[in-house]
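What follows is a short report on a single structure.
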Amino acid sequence: QVQLVESGGGLVQTGGSLRLSCAASGRTFSSYAMGWFRQAPGKEREFVAALNWRGDNTYAADSVKGRFTISRDNAKNTEYLQMNNLKPEDTAVYYCAAGRSYGSRSAADFVFWGQGTQVTVSS
């Protein structure tokens with residue numbers, strides 16, 4: 001019942017920043033926990049960060065702590081991922097996701113997904 005569309009990906013130099021956005025349809029956005037995952041070719045999808053429906057509690061993978069910040073604006077039906085100090089190993093397709101499984105780091109617990117946006121970090 002939630003449709004998600006990511007944007008903001010692109011090519012950035014090592015140490016640079018990008019801000020990803022995820023626009024959600026409908027009026028049920030605020031009812032879901034939101035998260036970001038990423039997947040490189042030939043690799044499994046991995047957890048990046050998530051937050052609860054209020055946006056006041058967040059958690060993130062150790063690999064991005066201190067560099068990435070997740071937030072949401074329920075009035076705009078939008079989730080954000082601010083990515084700073086990007087590294088080549090951050091290169092992947094980034095997906096936003098929604099579910100009612102706040103606290104989970106498993107992609108299987110998020111039932112709604114966007115199409116993904118490519119992030120490429122050059123060395």
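Starting from 1, each residue takes its place in the sequence as its number.
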Next on the checklist: Run the ring pair (Phe, Tyr, Trp, His ring centres under 6.0 Å) test on F68 and Y80 for me, step by step, so that the C-alpha distance in whole Å, both residues' side-chain angles and the decisive distance to 0.1 Å come before the verdict.
Outcome noted: CA-CA 10 Å; F68 292 8; Y80 304 97; over 10 Å; no
Minimum heavy-atom distance [X]-[Y], with the two atoms named:
X: L81; Y: A49; result: CD1-CB, 4.5 Å
X: F110; Y: A33; result: CE2-O, 4.4 Å
X: C96; Y: L4; result: SG-CB, 3.6 Å
X: V121; Y: T91; result: N-OG1, 2.9 Å
X: E79; Y: G35; result: OE2-N, 3.2 Å

Under 3.5 Å, side chain of [X] to main-chain N/O of [Y], donor-acceptor pair present?
X: T78; Y: K76; value: yes
X: D73; Y: N77; value: no
X: T117; Y: E6; value: no

Could you grab the distance from atom [atom1] of [X] to atom [atom2] of [Y], nearest 0.5 Å is fine?
X: F112; Y: C22; atom1: CZ; atom2: SG; result: 12.5 Å
X: S122; Y: L86; atom1: OG; atom2: CG; result: 10.0 Å
X: K43; Y: R38; atom1: NZ; atom2: CZ; result: 11.0 Å
X: N74; Y: M34; atom1: CG; atom2: CE; result: 9.5 Å
X: L51; Y: I70; atom1: CG; atom2: CD1; result: 4.5 Å
X: R72; Y: S21; atom1: CZ; atom2: OG; result: 14.0 Å

Checklist entry - Is the shortest side-chain N to carboxylate O distance from D62 to K65 below 4.0 Å? => result yes
Checklist entry - Are D90 and R67 ion-paired here, with the side-chain N under 4.0 Å from a carboxylate O? => result yes
Checklist entry - Would V48 and V111 show up in the same hydrophobic cluster when neighbours are defined by side-chain heavy atoms closer than 4.5 Å? => result yes
Item to check | Distance-only side-chain donor-acceptor flag, N84 / S17, under 3.5 Å | outcome: yes
For [X], is the [atom1] atom crowded, meaning more than 12 foreign heavy atoms sit under 6.0 Å from it?
X: Q3; atom1: CD; answer: no
X: Q82; atom1: CD; answer: yes
X: E89; atom1: CD; answer: yes

Checklist entry - What about Y95 and F37, are their ring centers closer than 6.0 Å? => result no
Next on the checklist: Please confirm whether the ring centroid of Y59 lies under 6.0 Å from the ring centroid of F47.
Outcome noted: yes
